[in-house]
Number of protein chains: 2
Amino acid sequence: MKKLDHVDKQILQILQEDGRIPYTEIAHQLGVSEGTIRSRITRLLQDGVFQFVIHPDPAKLGLKVQAIIGLTTKLGLQKSVAEELSKFSAVRFVGAFSGKHDLIIQACFHSNDELITFVNERLSQIEGIAAADVSLELKQYKDSFSFVPDDEVTLQ
Amino acid sequence: MKKLDHVDKQILQILQEDGRIPYTEIAHQLGVSEGTIRSRITRLLQDGVFQFVIHPDPAKLGLKVQAIIGLTTKLGLQKSVAEELSKFSAVRFVGAFSGKHDLIIQACFHSNDELITFVNERLSQIEGIAAADVSLELKQYKDSFSFVPDDEVTLQ
DNA sequence: AAAGTTTTTTTCGAATTTCGTAAAAATAGG
DNA sequence: CCTATTTTTACGAAATTCGAAAAAAACTTT
């Protein structure tokens, strides 16, 4: 149960703009030594607070069709359905929810054709899916899992 | 209109695991020179194929409550609603969709209380939202931009 | 298929960054 | 106020990145 202080949050903020900015540069921006940045980041990584990753642009990879699909699953099969769905590389998000749909997923496709094939061929072969409610993405306004909350934060 | 070849895709694959792995290490793994990795990555960045970012764990930041909210907007106000919603740092995804909801957003909160406050106070103050359908995330199975398509890819 | 052109890869020394670690400073507890 | 613990700084060594020129590969044109 450790708190993220202002420096930690500033580090996260800077890294979400450019995950490969040198520690020396962050140190310079924040007015501390490189060693401090290094030990802070090492600790944040160890605590699982964040990971260094890349954010590909699906459209640039030819995945022009994105969809959010709400699924109704048969009782008792939700978990196995979720795990099956997670295996697809086209599927980038899978979550269990309360509300209209038991599972909600987000996936990317090259074409409408590929999407409809996914729904008709792939989903239908997964045991436990009762219904699928497809929403086709028309325009994306924001997509970032880089968000640092504004207020004080306590580690879990 | 340039193709991503096998090397490019391998680079993306490696960087998804660790966005800060040294170019020399990637070069070693793929059996090419550091210069090649460097020029490939520089080009991919310039083409906007991907960005270096970090992936924070919302739960570790105290954001234990995540929700997907489907919104119905008043005709003509969808865009401005989407832009307003994008301003919230708690909101990590905003998209316009065909289907049951005009807009679908994904957001993180410290507590159920904060979520309900967001819905009742923040959303209600945005001009143009007719209805909000909240789905509370019970469990997350997958959340990753790790989707390097398996087949050939052509840049847009 | 040879010659010329363009693009990509390799090479390599210089500049920069990262790393390991010990000393100094700051913080916390009694 | 003193001691123990944690955090920050400092700094030389190792590793990585960078710039740029040469070499190699891939494409064109004839």
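In what follows, every heavy atom counts, from backbone to side chain, and hydrogens, waters and symmetry copies are set aside. Each chain gets a letter, A, B and so on, in the order the sequences are listed, and its residues count up from 1.
- Remark: side-chain polar atoms of A:D5 are paired, donor with acceptor, to backbone N or O of A:V7 under 3.5 angstrom.
- When the P atom of D:dT16 is taken as reference, atom CD of B:Q29 falls 12 Å away, rounded to whole Å.
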**Request:** Mind running side chain to side chain contact (heavy atoms under 4.5 Å, CB included) on B:F93 and B:I68 for me, showing each step along the way?
**Result:** CA-CA 9 Å; B:F93 179 88; B:I68 287 180; over 6 Å; no
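- Counting heavy atoms from C-beta outward, A:Q125 and A:E84 have side chains that stay 4.5 Å or more apart.
- Taking atom CG of A:D18 as the reference point, atom P of C:dT17 lies 13 Å away to the nearest angstrom.
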**Request:** Assign a letter to each nucleotide of nucleotides 7-13 of chain C from its 5' end: B, base within under 4.0 Å of a protein heavy atom; S, sugar-phosphate only; -, no contact.
**Result:** -SSBB--
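- In terms of modelled atom types and a separation under 3.5 Å, the side chain of A:E25 and the main chain of A:I21 share no donor-acceptor contact.
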**Request:** Starting from the C-alpha separation in whole Å, work towards a yes-or-no answer on side chain to side chain contact (heavy atoms under 4.5 Å, CB included) for A:R92 and A:C108.
**Result:** CA-CA 8 Å; A:R92 51 172 274 202; A:C108 307; 4.2 Å; yes
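- Taking atom CD on A:E25 and atom C1' on C:dT18, their separation rounds to 15 Å, with Å as the unit.
- One interatomic measurement links the two molecules: OH of B:Y23 to C1' of D:dT16, which rounds to 11 Å at whole-angstrom precision.
- Between B:I26 atom CD1 and D:dT17 atom C1' the separation is 12 Å, expressed in whole Å.
- The two residues B:K142 and A:F88 have their closest heavy-atom pair at NZ-O, 2.9 Å.
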Would you list the protein and nucleotides 21-26 of chain D atom pairs, both N or O, that sit under 3.5 Å from each other?
none

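- A salt bridge is defined here as a Lys NZ or Arg NE, NH1 or NH2 lying under 4.0 Å from an Asp or Glu carboxylate O, and A:E83 with A:K79 meets this definition.
- A:I41 places its CD1 atom 16 Å from the P atom of D:dT7, with the value rounded to the nearest Å.
- Cluster annotation: A:V94 is not connected to B:L138 through the hydrophobic network of ILVMFWY side chains, with a link wherever side-chain heavy atoms come within less than 4.5 Å.
- Here D:dT9 presents its C1' atom at 15 Å from CG of A:L30, a figure rounded to the nearest Å.
- Under 3.5 Å, the side chains of A:T42 and A:S39 contain no donor-acceptor pair of N or O atoms.
- One can place CG of A:L45 at 13 Å from P of C:dT18, the figure rounded to the nearest angstrom.
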